[in-house]
Amino acid sequence: MTDTTSERTGFFGKYFLFRLKSLRPRMVMSLIMSLLTFPLALGSALPVLDTLCDLVKEQNELEPSMLSNGLAILTFGLIAAAASLIILLFMLITAPSGSFVYYAKKECADMYGALPLTFSQRFWADFISGLGATLVPFIICSGASCAFVPVLCGKNDMLVELGFSNFDSAKLATAYFQVLLTVIIALIAAYAIATLITVCCGSGGISILFSFVAVGMVPALAAIFSNTLISHCAGVDMTEHCMSLLRALPPFGTLIADAVTLRPTPAEPLSLICALIFIAAVIIGAYFLAKRRKAERTGEQFVYNAAYHIITVLLLVGAFVLMANIVGSVHVSDQGLYIGVFIFLTAAPLLFFELGHYRSFKKMWRSGIKYAASLIGSIALYGVLVSTGGFGLQYSLPNAEDIDNVVLSTQDSFYNSLEARFDDPEQIKTVLDINYRIIDCEAGTNHTSYPHTTITYTLKGGGTLTRKYYTYDDMTDTLGPIFSENKPITLPILDKAEKGAAYINEISVPSEGIVFSSIPDSDVTKELIAAIKEDINSGAGGDYIGTMTFSWPTDIMSGANDPTNMYILDERISSALRALDSRFSFMIREGYTHTLDAVKKLDKDALQLESATITYANRYEYQSAEWEENGYNTDLSLDISSGSELSDDPDMQKLLGLIAFYPDVNAMTNGTRETDNKRYDGNTKIVVISSYNSINNFMYIPDEKQEEAMQLISSLYEKQQKLYEEMYS
Amino acid sequence: MSLTVNNISKKYGDFTALRGLSFELKEPGVYALLGTNGAGKSTAIRIILGMLAKDSGEVLYNGAELDPIKEKVGYLAEERGLYPKCKIVDQLTYFAELRGMKKTEITKAVDYWFDRMELNDYRDKRANQLSKGNQQKVQLAAALIADPQLLILDEPLSGLDPVNSDIFKSIINEQIAKNKYIIMSCHQMPVIEEFCSDITILHHGEAVLQGDLNEIKKSYGRVNLAVKCDGDILPIAAECGLEPTEITPELVRFKIKEEEQAKQLLKKAAAADMTIVRYELREPSLHEIFVEHITRADNAAKEARL
């Protein structure tokens, strides 16, 4: 009559197998979806890499259209993989309501309750069978897709050999497994949370609804709170630290960070362990709540009302904190509107849920208390966050003795930047002191402008910590003394230009009458860069008197053999295929004597006038920002080659002597800028374009000397015409 | 074997579902749990089976606390709870396996019960393809397949057509013949009277009447008189102080206070030279006893409130 323990163990197996068998349709569905995730995504990348390898081997030039088919396949593959993964997630979230159907249906409760199984046997069998039916096919398919990884690595290696990519194959394989592991943990976490909610609910529909809410709430709250925390820490970079915070909250946080950055980065091992502990705690919590569950409450909305209240309060708090973030970032006059919208968007759903929960208006006063308490609590939390700088996070700097080196860089609003690395312990302490002083000034600053001062600490343990401060004051003066202590200054753009990967696009020093565009000559560039470096290292300062703009192309073709090439295939492939023109401006200061000497020498060389074109510019009305006539024309053109008779002509020398006013060429051509408070009203008519070594030098004749210049030009023109007649007669 | 239920109570919040229920099964047979809707019958059954936690009391099986997992208890639930998308042959086999039966036994038992329940045409059908009555039959088969000693049937005949009702009744009789201990909850009084020896009538969670059914009836005495004769019996009945409770072309029924009244009526009818075609004197029906006790309990409750 009575059963032995071994028989009962066998009963568990029979029950488990029977439950698994009853989930066959789900397993088939999961298998199909699983094949459309990683296997499809990896498989669809193969045609792209294949084509890329072939094209690069065979051709020097690469047009985006050559990869369009492959990209279309890859895009489809990635979208299908993402959609399938989402479907799998939905399946896992809804699975517990099916596995634990007896928590919602009384008739099933009687049937299941009468089975000769202990509570533990039934719970674990239902839990594991529900999870396994969906997850096991996914793990099998994803594991099988690992066969793609060596193939992809092989093709990637081929590209690396061709100098095409700096993406490490070992990193590719590691990233794949790490993403896979994170996804699996995320799926288990979603199932565990849904199980906990199902145990707390007594109705199938409610358990599914709140399972979705709870699973979605975890990453949403992580994103909201991490963003709120970071946005009120002076110096803590929003994107970087939000992402690092999210990665510390695996699995959902890691996946969000990876999806936002499109760059799979592993979660820290410790964070993964914490995630697993969290999942274990959820499962154990579900087990013990299920054990204490009162069977007579089957069919009620919530068996454990605390779960309902916890979820709704957390949702309200998250919404209010989000509201505070958004309201704080809009104009004061708009804040009332945003607050009103948020009140409506939070109160209306709460009213709906509370009415469904209490089934009566009599108890709705409790809802009012809950709403008010959540609002007040959220405001208080937000206030504490703001006043403490993210619970003191902004003051969280390493100790000097833990720092190996620190890189300090500053950049002003003209994108002029200086950078220095310090290894000396005393100077590290100085930089730390400056950091704390900056924090005190920066606390509460609205981060809307470009970061001006960046401090990156490399720790002796190997990690790094970066702080970026949106300082309004020009920190170069403050930091000048540090830079002038004969420590080597690095400016990445200068290194790039020296290696030939960037060129000087324009030099403009109006006060000296110097405006150049496009200096492709590498020797000239190197001379200029050497001069710049010397001035920077000397700690020179003074007013800004000019700009030097660098440009570099980032298309694949020109970067194929470029060791300093910055674009990489592991970024968004479409953008890597577009030819981009990047620019970097460097401000020339009054004290940059070496730089100015080098530029003036260039200017003087340019006046050799290898060839020159003197042409009319139309009258420009600054006030109306319009040209009198249609733009810039060449009504009169006077070509003068260096070494010709006219180059030594006295009229030419006089003409060149009249050139004293050098407005910004951009203002002349588009009339949109004002340089040195000079305006281009008036009758500026003559533009002199000289070119030397392909360097175009724009020179202009001041208004008061136009008449004299016109007479000289007319005289020179007549002389040229005579020379031509003599030449061709 | 004995099953003893001692003073079990259960509250759902402020509502008392059961208050101090006690009864005992000492001998094989059918024990009936009767009551109005919501009286606590299913609650009592679920407490016995361990599906609901009791607030107080004990359920003893052979002197020890009943462990439904260890002891083979067959249970037919009131509601249909089969796995909807599984074939019934698979489900029956599975339930048999869970009860510890060996494979050879299972095959025989499954075949037997499919025959017995006249369900051979439905072997490979899924549960959700069967009618409620057929599902009920499958559930009964599942409850009996392991030949349990203790059987609990919650509304076994509800929703069954007359043919299936007869099948169920014959099966119950077979189980009685096998000396099984059966607890049955039912609303159908004729069924209870047909099978049950002991009853408990529950009302608002309390037992308002308990004991052997025959003795209960005897305690009321034979109070129902039905007469048919070739003349008008009513004047004679009035002389005897009897008022008819029901007059039909076939019969006239009277409620008597004592048997002497019935004898007097018979004498006077004979003296009036009337031919008695039919004369029936019997105890009250279970239905009447049930209604009387429930009404009495309700009236007592009303008076207590006033």
Side-chain angles (χ1 to χ4, degrees), chain A residues 1-28 98-99 101-122 125-126 129 202 204 290-300 303 305, chain B residues 1 10-13 15 17 42-43 45-53 55 61-62 64 67-87 90-91 93-102 126-127 132 135 138-139 142-143 146-150 152 154:
Chain A
M1 183 83 160
T2 60
D3 303 328
T4 62
T5 305
S6 61
E7 281 174 327
R8 279 195 280 140
T9 309
F11 294 166
F12 168 78
K14 289 185 178 73
Y15 179 71
F16 176 76
L17 287 172
F18 184 79
R19 295 292 285 142
L20 209 56
K21 201 174 164 187
S22 69
L23 292 168
R24 250 185 316 206
R26 178 177 280 268
M27 289 174 82
V28 170
S99 297
V101 64
Y102 42 86
Y103 284 157
K105 290 185 178 174
K106 284 186 179 172
E107 58 270 24
C108 295
D110 285 342
M111 189 71 185
Y112 282 76
L115 293 175
L117 293 164
T118 63
F119 163 77
S120 295
Q121 289 174 328
R122 194 169 57 241
D126 289 332
S129 61
K291 199 165 187 179
R292 290 187 63 243
R293 198 176 192 273
K294 292 192 176 177
E296 58 266 29
R297 299 197 67 178
T298 300
E300 293 182 19
V303 173
N305 286 315
Chain B
M1 195 215 96
K10 178 71 181 175
K11 269 186 159 185
Y12 298 139
F15 174 72
S42 295
T43 300
I45 286 171
R46 290 186 183 125
I47 287 174
I48 291 168
L49 288 168
M51 292 192 294
L52 278 183
D55 294 338
Y61 187 73
N62 291 333
D67 184 347
I69 295 169
K70 275 194 208 169
E71 311 300 340
K72 282 182 190 166
V73 179
Y75 172 55
L76 174 65
E78 183 181 357
E79 304 283 348
R80 314 289 169 266
L82 294 171
Y83 299 102
K85 293 185 181 172
C86 283
K87 292 181 189 172
D90 292 338
Q91 293 198 53
T93 306
Y94 161 64
F95 289 131
E97 286 173 352
L98 278 184
R99 304 291 176 192
M101 292 174 70
K102 292 177 187 162
R126 295 193 303 270
K132 281 189 179 175
Q135 289 184 39
V138 173
Q139 283 193 209
D147 198 25
Q149 192 63 21
L150 174 61
I152 300 178
D154 196 348

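Residue numbering restarts at 1 for every chain, and letters A, B, ... go by the order of the sequence lines.
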Exercise for review: Heavy-atom distances under 4.5 Å only: say whether B:R46 touches chain A with side chain, backbone, both or neither.
Suggested key: side chain
Review point. Is it the backbone or the side chain of B:D67 that comes under 4.5 Å from a heavy atom of chain A, or both, or neither?
Key: neither
**Study point:** Minimum heavy-atom distance between A:M111 and B:F95, given as atom pair plus value
**Key:** CE-CZ, 3.0 Å
Check your understanding: Between CG of A:L115 and CE of B:M51, what distance do you get to the nearest 0.5 Å?
Key -> 10.0 Å
Check your understanding: Which atoms of A:K21 come close to chain B, meaning under 4.5 Å heavy atom to heavy atom: side chain ones, backbone ones, both, or neither?
Key -> side chain
Check your understanding: Which bit of A:R19 is near chain B, if near means a heavy-atom gap under 4.5 Å: side chain, backbone, both or neither?
Key -> side chain
Exercise for review: With sequence neighbours excluded, tell me which residues meet side-chain hydrogen bond (donor to acceptor under 3.5 Å, both in side chains) with B:E79.
Suggested key: none
Practice item. Would you indicate whether the side-chain heavy atoms of A:P116 and B:R99 approach each other to under 4.5 Å? Key: yes
